[in-house]
Amino acid sequence: MTARAYLGFSAAAHGFTAHCVQSADEAGIIHAVLNADASVRGIVIGAGEAVHSSVALRDALAGVRSPVIEVVACRPNQLGEFRSSLLSSVSTAVIIGAGIHGFKLAIDHLAATV
Ligand SMILES: O=C1C[C@@](O)(C(=O)O)C[C@@H](O)[C@@H]1O
């Protein structure tokens, strides 16, 4: 199952609609974050490599009023101690190492807390 499918069925199970954005470049994700309107109840973000490198994405998320759940599928510290996250300090919660299932856990967490 894909991350998009996990987000879609998990959101529907809680009565939410998931609006999924996928982008090959960082700017696409940043624009989606900046365009999130007041109807957005929460943001679930799996930022890939940008989690380690994007100050711009970190700053965009810092301005979001709704909860931000960061999902990191693998265990980056097992790939190298230098792989710290720039996003965690502005995230409400972080789910690490649960693979793609982390996206379902993120939606479940949002549903339980918003
Ligand atoms: O691109 C990726 C994938 C990743 O974001 C993950 O969710 O497992 C973890 C990052 O360390 C890596 O650079």
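The basis for the numbers below is simple: all heavy atoms, side chains too, and nothing from hydrogens, waters or symmetry mates. Read the numbers this way: they start at 1 and go in the same order the structure lists the ligands and their atoms.
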Considering only heavy atoms, which protein residues lie less than 4.0 Å from any atom of ligand 1?
Gly48, Glu49, His52, Val72, Ala73, Cys74, Pro76, Arg83
Taking Thr92 for the side chain and Val68 for the main chain, is one N or O donor matched with an acceptor at less than 3.5 Å?
yes
Between Val33 and Val64, is there a side-chain heavy-atom distance shorter than 4.5 Å?
yes
NE2 (His14) with more than 12 external heavy atoms under 6.0 Å:
yes
Can you find a pair of side-chain heavy atoms, one from Ile45 and one from Val71, that are under 4.5 Å apart?
no
Please check this pair: side chain of His31 against backbone of Ala27, looking for a donor-acceptor N/O pair closer than 3.5 Å.
yes
Pro67 versus Val114: any side-chain heavy-atom pair under 4.5 Å?
yes
